[in-house]
Amino acid sequence: MESPAAIAFDPYRAFALDDPYPVFRWLRDEDPVHHAEDADLWVVTRYEDCLEVLRDPELFSSKLGMRLAFEGSRRRLDGDAAGAEDPFAAMGAEDLRVLIAIDPPDHVRLRRLLSRPFTPREIGLHEAWIRPICEERFDELLAADEAGGADWVGDFTWPFPVLVIGELMGIPAAMRADFKRWSDDLIGTFVGGTDASDRRAESLVEMVGFFGQAIEERRTGPGSDLVSMLIGRAEADEEPLTAEELVLFCILLLVAGNETTTNLLSNAAKVFCADPGVLGALHEEPGLVPGAVEEALRFDSPVQTVPRGTTRPVRLGATDLPAGAVVLAHMGSANRDERHFADPDRFDLRRQPADHLGFGSGIHLCLGAPLARLEARVALETLSRRVAEIELTAPPTPTGGLLLRGASSMPARFLLR
């Protein structure tokens, strides 16, 4: 008889569970390539199976997966009434030229042109100015706490990375509220949020217009910011980036540049609230912080899953998948797979999980991972130096949707050292 866990499992609603990991454990044990019939998605939950999906772009296409997953989310959100005039329909088009939604050989070309500013060495050069931004935002957080109304997310974990990505891109800090709104609306489109179609379409139009203008301004008056650097590389290459590719990458950078870090730091804070000894250990041994970042990425992954599309019939584990199936490589589940990680449901500061899938794997390994790691390290070093304990004052509000796991609000009190 089929387990109620499998019958009830809806990947679009798993984010709302305080602890979805027991469900994923059951799926790994009993139904590791699970067909969620209502959504027509195949959810892959074991580490080795996820690794196979992520590392075989010929069989498991990002381009096809993103298009099919988007179309499914759009039908789920808007039904058949969603019209062809919806600007978001273009996000599922065959010729979408964004890094996460293309396959080789196009992916090789685009990643080569975009990757240089995101190497660990290049990103490390930014630490000197990122630290003061972190300290300033932390001051704001503690001031809000003293006034009786601090929110770990609203006062720190979303303003901090938005300010950093804005500085990198040469965008005024005053735009951060727009950045956050655009980012949330775009994520909601892909993952099954509840915002109306016209709001999501309006945000896309605003983003395209804003970055299109920013790119044109930097063509005539380049600066030292990341957008100017990318334009310079694009124009110097034998296969230069098109204006559309530049705009879409800026949009991707905006979204990925704040959502991942915000959720990573939110999920880490939940661990610190549940076990204050973890934060105390980081204070006593600051050298543990980089490993704590990796363990946080493994333990409660900010990006839970990515879609792929099967290019032909394929057998994955003991399951036969048809061509054109939407496959979700569930990295959040894979990172708790006891077949690969010992005692995976325990947060272990000394684990050093270098092979976790928190940033994916294969050719689509997250380009912005060095920036997210730097931001998280700086934030946790600041937190553990200045704060002895975090106490929730209300339950966190989970982020909505299929792909991400984190919090959109986390009211808390902070006991200072």
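Since the model is a prediction, treat every value here as computed from it, not as a measurement.
Exactly one residue among T261, T260, T262 makes a side chain to side chain donor-acceptor pair (under 3.5 Å) with E375. That residue is T261. Evaluated for a side chain to side chain donor-acceptor pair (under 3.5 Å) with E295, the options R346, R351, H356, R350 yield exactly one hit, R351.
Using a 4.5 Å heavy-atom cutoff, the side chains of L383 and F272 are in contact. When side chains are defined from C-beta on, I390 does not count as touching R413, because their heavy atoms never get closer than 4.5 Å. For the pair L163/R137, a side-chain contact is recorded, criterion being any heavy-atom separation below 4.5 Å from C-beta on. Counting heavy atoms from C-beta on, the side chains of F341 and E338 never come closer than 4.5 Å. With contacts defined as side-chain heavy-atom distances shorter than 4.5 Å, the pair L99/L367 qualifies. Looking at heavy atoms from C-beta onward, R308 lies in side-chain contact with V53 at the 4.5 angstrom threshold. E140 has its side chain out of reach of D155: every pair of non-hydrogen atoms, C-beta onward, lies at least 4.5 Å apart. In this structure the side chain of V306 never reaches within 4.5 angstrom of the side chain of L403, judged on heavy atoms.
Side chain to side chain, N263 and S266 fail the donor-acceptor criterion of an N or O pair below 3.5 Å. Between R405 and S301, the side chains place no donor N or O within less than 3.5 Å of an acceptor N or O (distance only, hydrogens not considered). Checking H340 against D355 by side-chain atom types alone, a donor-acceptor pair falls below 3.5 Å. Side-chain contact of R55 with S361: a donor-acceptor pair under 3.5 Å is present, judged by distance alone. For the 3.5 Å distance criterion, the side chains of H34 and T45 fail to qualify, holding no donor opposite an acceptor. For W182 and E206, the side-chain atoms include at least one donor-acceptor pair closer than 3.5 Å.
A donor-acceptor pair under 3.5 Å links the side-chain atoms of R298 to the main chain of P344, judged by distance alone. At least one donor-acceptor pair closer than 3.5 Å links the side chain of N267 to the backbone N or O of D300. With W158 contributing its side chain and E259 its backbone, the two residues share no donor-acceptor pair below 3.5 Å.
The two residues L365 and G360 come nearest to each other via the heavy atoms CD1-O, 3.4 Å. Between L264 and A296, the closest heavy-atom pair is CD1-CB, 3.7 Å. Across all non-hydrogen atoms, the minimal contact from I102 to S62 is O-CB, 4.1 Å.
Atom CD1 of I215 sits about 12.5 Å away from atom OG1 of T220, to the nearest 0.5 Å. Atoms CZ and CZ, from F156 and F160 in turn, are 5.5 Å apart once rounded to the nearest 0.5 Å. Of the inter-residue distances, the one linking D49 atom CG with R28 atom CZ reads 11.5 Å to the nearest 0.5 angstrom. Atom CG of L54 sits about 9.5 Å away from atom NE2 of H364, to the nearest 0.5 Å.
The pair R131-E135 does not count as a salt bridge, with every side-chain nitrogen at least 4.0 angstrom from each carboxylate oxygen. Under the 4.0 Å criterion applied to side-chain N and carboxylate O atoms, D337 and R46 are not assigned as salt-bridge partners. The pair R109-D106 fails the salt-bridge criterion, with no side-chain N (NZ, NE, NH1 or NH2) lying under 4.0 Å from an Asp/Glu carboxylate O. A salt bridge links D345 with R25: the closest approach of a Lys/Arg side-chain nitrogen to an acidic carboxylate oxygen falls below 4.0 angstrom. Taking the charged nitrogens against the carboxylate oxygens, D29 and R339 do have a contact shorter than 4.0 Å, which makes a salt bridge. Salt bridge present: E381 and R377 bring a charged side-chain N and a carboxylate O closer than 4.0 Å.
The cationic group of R336 lies under 6.0 Å from the six-membered ring centre of Y21 and within 45° of the ring axis, placing it in a cation-pi geometry.
The number of heavy atoms from other shown groups lying within 6.0 Å of CZ (R116) does not exceed 12. Annotation for R121: atom CZ does not count as buried by contact number, only 12 or fewer foreign heavy atoms lying within 6.0 Å.
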Inset, instruction - Show your working on side chain to side chain contact (heavy atoms under 4.5 Å, CB included) between L316 and E52 and close with a plain yes or no. - result: CA-CA 8 Å; L316 184 62; E52 182 177 346; 3.5 Å; yes

Inset, instruction - Applying salt bridge (charged side-chain N to carboxylate O under 4.0 Å, His left out), run through R218 and D225 and close with a yes or a no. - result: CA-CA 9 Å; R218 283 158 179 74; D225 58 273; 2.9 Å; yes

Inset, instruction - Give the intermediate values and the outcome of salt bridge (charged side-chain N to carboxylate O under 4.0 Å, His left out) for residues D320 and R315. - result: CA-CA 4 Å; D320 292 314; R315 188 168 182 82; 2.9 Å; yes

Inset, instruction - Before giving the answer on side chain to side chain contact (heavy atoms under 4.5 Å, CB included), spell out for F299 and V271 the whole-Å C-alpha distance, their side-chain angles and the decisive distance to 0.1 Å. - result: CA-CA 9 Å; F299 184 77; V271 173; 3.9 Å; yes

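Here F211 and F249 keep their ring centres 6.0 angstrom or further from each other.
Taking the six-membered ring for Trp and thresholds of 30 and 60 degrees, F138 and F414 have ring planes more than 60 degrees apart, a perpendicular arrangement.
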